[in-house]
Amino acid sequence: MASYFRPTDLSHALSALAEGNLTVIAGATDYYPAQVGRPVDHDILDLSGLENLSGISCDDDHWRIGAMTTWRDLIDADLPRCFDGLKAAARQIGGPQIQNTATIAGNLCNASPAADGVPPLMSLDARVVLQDLAGTTELPLAEFIQGNRRTACNPRQLLTEILVPKALETGRSGFIKLGTRSSLVISIVMVAGLVILDEGGHVRQVHLSVGACSEVAQRLSDLEADLIGKPLSADLVKTAHFRGLTPMDDHRGTATYRLEAAETLIKRLLGTLNA
Amino acid sequence: MTAERVPMNFFLNGSRREAALRPMARLSETLREEFGYTGVKVGCDAGDCGACTILLNGRQVCACLVPTARIDGAMVVSADGLQANGFLSRIQHAFLRHGAVQCGACIPGMLTAATEIAAAYENPTRQQVLDGLSGVLCRCTGYQKIVDAVMDAGRDPDYLKNPIGPAGGPAVGARLPRTDAIAKLDGSAQFGADGIPTDALWLRAVRSPHMAANFTLGDMAPLFERHPGLHKVLTAADVPGNKCYGIYPDLKDQPVFALDHVRFRGEVILALVGERDTLDAISNDEVPVTYDVLEPVIGLDAALAGDARQIHPDKPGNVLIAADLRKGAGDPAECTHSAAGQWQTSYVEHAYIEPEAGFARRRGERLEIHVTTQTPYMDRDEVALIMDLAPEQVRIVPTVCGGGFGGKLDQTVQPLLALAAWLLERPVACVFNRPESMMATTKRHPARVKAQFGCDGDGRLQAMKMTADFDTGAYASWGPTVAGRVPVHGCGPYLWPHVTINARAVHSNGPSCGAFRGFGVPQVALAHEALMDDLAESVGMDALEFRHRNALRAGDRTATGQLLVASAGLDQCLDALRPHWSEAQETVRRHNDTHANQRLGVGLGCMWYGCGNTGMSNPSHVRVTLSADGRVTLYNGAVDIGQGSYTIMRQICADALGLSVDAIEQVTGDTDLTPDAGKTSASRQTYVTGKATELAALDLRQQILRLANAEESAPLSLRDGTLMVGAAEVALTRLTADDNNAVLTGEGIFDPPATALDQNGQGEPYGTYAFAAQMAVVEVDMELGTTKVLRVVAAHDVGKAINPTLVEGQIEGGIAQGLGLALMEEFLPGRTENLHDYLIPTIGDMPAIEVILVEDPDPNGPQGAKGVGEPGLVPTAPAILAAIKSATGVRMHKVPVTPDRLRAAIITKEKAKVTAE
Ligand SMILES: Cc1cc2nc3c(=O)[nH]c(=O)nc-3n(C[C@H](O)[C@H](O)[C@H](O)COP(=O)(O)OP(=O)(O)OC[C@H]3O[C@@H](n4cnc5c(N)ncnc54)[C@H](O)[C@@H]3O)c2cc1C
Ligand code: FES
Ligand code: FES
């Protein structure tokens, strides 16, 4: 018979994980759809009782997003403008029911190439905190997600927090999602960005990322480098900046289309970040 | 095995509850199975449809994604619990007032989501409503009336005091609320999966994952050993009667269980029958089936290739059927102006929110099947053949039907349940899951339509040619109907001296294609409307005026040679559109002068549609009775699949009889109780069954008048069981009652006048035709290739709107499906078998819709009414494609026009322009 465990204490959760092969669920919005037509008979560790993992706080260096924070919690939170892009993504995740249930951390752990949370968090230089009985490890998001549905989280670990450096707080941020219908849609391409300008209006720091155009969303580091020190403008964007992307052909769009759309969306994003 | 039960404490629909529940069971399942709250609908189990939406601590969530354990300490509200003290909530009442309910499958989810909105905002804005409902899909309504209802809900504090619908006066033409609305709003309506007896066994079909394969079955004994709750494995050997079924008597080609060969992905190999938990625990991999996979024949080119593998031994060249229409010998290529092109469409899935479901039980030597269906009598006769029983030994009881659109006209659960219940002598139930529903059931035919149109220098149509090939997939289903409808409608609603049309339905290893709203006509309409635009441009005429000049009118003969004696209102529809068309063209011009990337476009689409079956008898029979205690009962076999036939027939009956609607009780679609009113398809129920209802009611009225010795115009009234004619009481108690408890019985049979088509496609295939013209305004993002439909104006000649609210609902819902066909819907076997890969329009995708009703009465229809079920959909995609052309200069020849396809076409055009320069 399958087991079900819903601890209220993180250490109990970690001990249970250390003992055996458990399937972790947070919002379960990725879990249940994968079970259609199959028995729901995994040994489950349900994180929803871990109230300490819920909510967004900040300390001297970081904004800290607890693993059980839902997209709705994020939308409702009073946050600096560097989070505008992530909030824009949150409003476009599924529909309201999904936003009310699904967690940001679950979106990262599920590691879909089309996960809408990943590009904005990459632009925020997010790091994740993994914890097991032995202690905690911190990883940049880009290292945490290793491929399609593959992460650095081992079966004994939980992702407990997502960290965003406070240094980016003043950045302007944005997110654009491209899909075939208005809601409940898997992105064909999405882009996110964050920019900090100096007093003269020149780019001091810029982070731009593209999702659904490679196994793992990517930062456009060549483009970022080319923009530094210049007035923010879409004119500097070149097709060559997107060479690192490796989009797929599928029923949502051809690879050629995705590449071109990524460029168009990045140009538009730079336009909105300038406004 | 699922985890052990855990005790929980919670508030559920207003009461405090304690129960030991399965922690990981989907909350939707728990609420339905353990608490009987079947107002929680299950459309997908994957968060995609939102039908299961409930409020958890005041927040809308999909109950199918919530582990039951999470309700411990929480407050749960489902649509079943929205009423307070027996009164409809503000939101429910607004849905009732606005006619926001059709099939009802999405309604519980809509209501709970709307309740969250109402709690947050007293008078929500349109955008707040759209955002709040963006996670619930509706396939019927086009969302318009739902949005109106939610916006309006808060506006009237005394809402319960307001009467709904007009008091007194004629019922026909009144905006009466649906007869079945309240049950669909309070969650009590019983759909296919709702009334299943607790002692039922369950059945699950095991289906082929391959499109083409030979297979052998292994030894089932180990499966029984491992799973003691497995009672039976049904295979072809168990079928006592016909091993195959099909719509046409001479085309029974689809096996109940495949014999040793499968022709499409999703074909039934065998069925497992047992305890529900047992079935849930058996994975398909455990079932011993060995496949020898064959290279599938996919698509028209492969199927028609000279060396193509033959899908059916008796269908050489894979051609199921071909039909031609020839009128005159003129050639469009020789006309002063001519235009030509080729169009291609994709598989389209019905995507009703309620998947196939039902249960059967054996009662002695009879079978009773409760099932969600569009066609109880055909179900009865088909099951009887398969079971080797007399038709009278089978009773079909249609449940509330959560959407059909043509998809519930074929056999799905019926034969499997019948066989299992008969052999095991236990009630047996089956509910398809979403992937199964999408994989196994029929689709709209993908079509390739090649056509050329020609006209003279004055812009009068002269000659047209069309060849239309339809991929009909593995089995015939309704495929032959393509050969009926397509030649008749291929030339569009216009007057032509010369017409040549060849249509074929071709077998492949794709899913079987069957009936789907509009049946082949939406596919050919893409071609005829684009060519009308091209010809207008070539002649130098306005697109609307060109259509107006050539519109079929009363007194004209159609391409089949049929004289339209009356009720051909296309010119009136175009007249109604004209001011909108001029204004929209001006708006588009002004906008595009200053916008290079976000461009607007406007386009037109016209259609005509024959109501009823093509060139064959399709009668409806209706009965109206009067009992000794003064009760009038309408025996209405026209199954309501959301379009409203249970409301319409009462309205028609009331006026014909001369009594108020409230006096009409109704017994609906049940093959033991109601006479055969045919299928709910082909836009025939209002027209055909409506007329039969009128005749039955008039028959009863005549009998009453005769009894009272009163004149024709004498008023009838019914008060407290006393029937009055004028001031005189009719003494009913002196009459003897029959088995039905009726003292008087009115009968009505109507078969629309139609004749079979000859080998040149000539004849009078339909009793009447509906006409429509729609205009669409779109915005196209030139760089991304995305299209947003901003506005649709739809003018429809419906003969007479029996209930304008219901008519508008049909048109608005049709437009939503037309929009889906145009922009996003493409079923790909094995790839889009769920509602997140297969996209249907959400609430935010819908344009503003204005419906204009044109009433050019049909002499045969009830009070002049014609059908409107399918016409709403037909002109929409052509209008959208024309609008895209207007915005971008690009004519799209393949639907859906996805962003990548449109962008590629725009690039090609830009390159051609550069080269030309
Ligand atoms: C209808 C629908 C629409 C959707 N739309 C979108 C969309 O628009 N964009 C988008 O990006 N996604 C979308 N999703 C996917 C999904 O909702 C998101 O990925 C969501 O954020 C997942 O969060 P969750 O808490 O529900 O994850 P869960 O299903 O609970 O978990 C997902 C995975 O992560 C693991 N996991 C979760 N939390 C932890 C943790 N703390 N530590 C270790 N492992 C963990 C789980 O084991 C599991 O493998 C949609 C899903 C549905 C059903
Ligand atoms: S059944 Fe839950 S969203 Fe479809
Ligand atoms: S009424 Fe919405 S799905 Fe039928």
Side-chain angles (χ1 to χ4, degrees), chain A residues 1-6 23 25 27-44 46 48-49 70 72 91-92 94-102 178-186 188-189 249-258 260-261 263-265 267-268, chain B residues 1-4 6 23-26 44-48 50 53 56 59-62 64-67 69-70 113 116 131-137 280-281 283 433-436 783-786 788 823-824 826 828 831-832 834-837 839-845 898-900 903-904:
Chain A
M1 182 168 276
S3 67
Y4 173 81
F5 183 40
R6 189 187 186 207
T23 299
I25 57 166
T29 64
D30 278 315
Y31 174 78
Y32 278 109
Q35 311 307 317
V36 176
R38 293 204 188 100
V40 181
D41 59 0
H42 297 103
D43 294 325
I44 295 286
D46 182 347
S48 64
T70 63
R72 167 58 51 187
R91 286 190 204 93
Q92 293 178 73
Q97 306 97 317
I98 302 298
Q99 294 157 20
N100 284 339
T101 318
L178 174 63
T180 307
R181 68 179 176 186
S182 91
S183 61
L184 294 173
V185 69
I186 299 172
I188 307 172
V189 183
D249 272 326
D250 69 8
H251 58 279
R252 288 181 205 110
T254 60
T256 320
Y257 174 74
R258 283 195 157 98
E260 197 207 16
E263 186 176 335
T264 304
L265 293 179
K267 285 179 181 164
R268 290 189 185 178
Chain B
M1 282 288 278
T2 52
E4 232 170 285
V6 178
M24 277 304 286
R26 292 179 161 89
C44 70
D45 267 345
D48 297 322
T53 302
L56 183 62
R59 294 273 200 200
Q60 56 166 307
V61 299
C62 292
C64 70
L65 302 181
V66 176
R70 298 215 179 147
E116 187 198 48
D131 290 346
L133 300 182
S134 65
V136 190
L137 298 177
D280 284 349
S283 95
N433 65 33
R434 179 58 60 177
E436 181 177 25
E783 290 170 344
L784 292 173
T786 49
K788 168 106 185 100
L823 298 180
M824 61 183 80
E826 182 164 17
L828 301 165
R831 285 174 75 190
T832 61
N834 57 58
L835 291 175
H836 50 267
D837 288 312
L839 302 181
I840 65 171
T842 65
I843 200 163
D845 296 298
T898 50
D900 61 336
R903 178 63 192 153

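First the proteins, then the strands, lettered A, B, ... as listed; each starts at 1.
Atom OG1 in Thr180(A) sits 6.0 Å away from atom CG in Leu839(B) (nearest 0.5 Å). Taken from CD in Glu826(B) to CZ in Arg252(A), the straight-line distance is 12.5 Å, to the nearest 0.5 Å. Asp837(B) CG to His251(A) NE2: the interatomic distance, rounded to the nearest 0.5 Å, is 4.0 Å. Ile186(A) contributes atom CD1, which lies 5.0 Å from atom NE2 of His836(B) (distance to the nearest 0.5 angstrom).
Proximity to chain A is limited to the side chain of Leu828(B), based on heavy atoms less than 4.5 angstrom apart. In this structure, chain B has no heavy atom under 4.5 Å from any part of Val189(A). Contact annotation for Asn834(B): neither backbone nor side-chain heavy atoms come within less than 4.5 Å of a heavy atom of chain A. Only the side chain of Arg268(A) comes within contact range of chain B, with heavy atoms under 4.5 Å apart. For a residue to count as touching a neighbouring chain, one of its non-hydrogen atoms must lie under 4.5 Å from one of that chain's; by this rule Gln35(A) touches chain B with backbone and side chain alike. Using a 4.5 Å cut-off between heavy atoms, Ala904(B) makes no contact with chain A at all. For Arg72(A), the part sitting under 4.5 Å from any heavy atom of chain B is the side chain, from C-beta outward, and nothing else. The contact between Thr264(A) and chain B is made entirely by side chain atoms (from C-beta outward), counting heavy-atom distances below 4.5 Å. For chain B, the nearby part of Thr101(A) is the side chain; its heavy atoms alone come within less than 4.5 Å.
In this structure a side-chain-to-backbone donor-acceptor pair under 3.5 Å is present from Tyr257(A) to Leu784(B). Between the side chain of Gln97(A) and the backbone N or O of Gly135(B), at least one donor-acceptor pair lies under 3.5 Å. With hydrogens and angles disregarded, no donor-acceptor distance shorter than 3.5 Å links the side chain of Asp45(B) to the backbone of Val36(A). Asp845(B) contributes a side-chain N or O that, together with a main-chain N or O of Ser182(A), makes up a donor-acceptor pair within less than 3.5 Å. Side chain of Ser183(A) to backbone of Ser134(B): a donor-acceptor contact under 3.5 angstrom is found. Looking only at distances, a side-chain donor or acceptor of Arg181(A) sits under 3.5 Å from a matching main-chain atom of Ile840(B).
In summary, Asp280(B) and Arg38(A) do not engage in a salt bridge, as defined by a charged side-chain N under 4.0 Å from a carboxylate O. Using a 4.0 Å cut-off between charged side-chain N and carboxylate O, Arg831(B) and Asp250(A) make no salt bridge.
Shortest non-hydrogen contact noted between Tyr4(A) and Ala69(B) is OH-CB, 2.9 Å. Shown here for Pro33(A) and Ala46(B), the closest heavy-atom pair between the two residues is CG-O, 3.5 Å. Taking all atoms of both residues into account, the shortest heavy-atom contact from Asp48(B) to Leu184(A) is O-CD1, 3.5 Å. The heavy-atom pair separating Tyr32(A) from Arg26(B) by the smallest distance is O-NH2, 3.0 Å.
Between chain B and the options Ile25(A), Ile98(A), Asp43(A), the largest number of non-hydrogen pairs under 4.5 Å is found for Ile25(A). If you tally non-hydrogen atom pairs under 4.5 Å between each of Pro39(A), Gly95(A), Ala28(A) and chain B, the highest count goes to Pro39(A). Taking chain A as the reference chain and counting heavy-atom pairs below 4.5 Å, the highest number among Gly47(B), Pro899(B), Cys62(B) is found for Pro899(B). Per-residue counts of heavy-atom pairs under 4.5 Å with chain A were compared for Arg434(B), Glu436(B), Arg70(B); the largest is that of Arg70(B). Between chain B and the options Ser48(A), Ala261(A), Ala102(A), Gly94(A), the largest number of non-hydrogen pairs under 4.5 Å is found for Ser48(A). Among Thr29(A), Ile44(A), Leu265(A), the residue with the largest count of heavy-atom pairs under 4.5 Å with chain B is Ile44(A). Ranked by non-hydrogen atom pairs under 4.5 Å with chain A, the options Leu835(B), Val66(B), Ile843(B) are led by Val66(B). In terms of non-hydrogen atom pairs under 4.5 Å with chain A, the most contact-rich of Ala113(B), Gly844(B), Ala25(B), Pro67(B) is Pro67(B).
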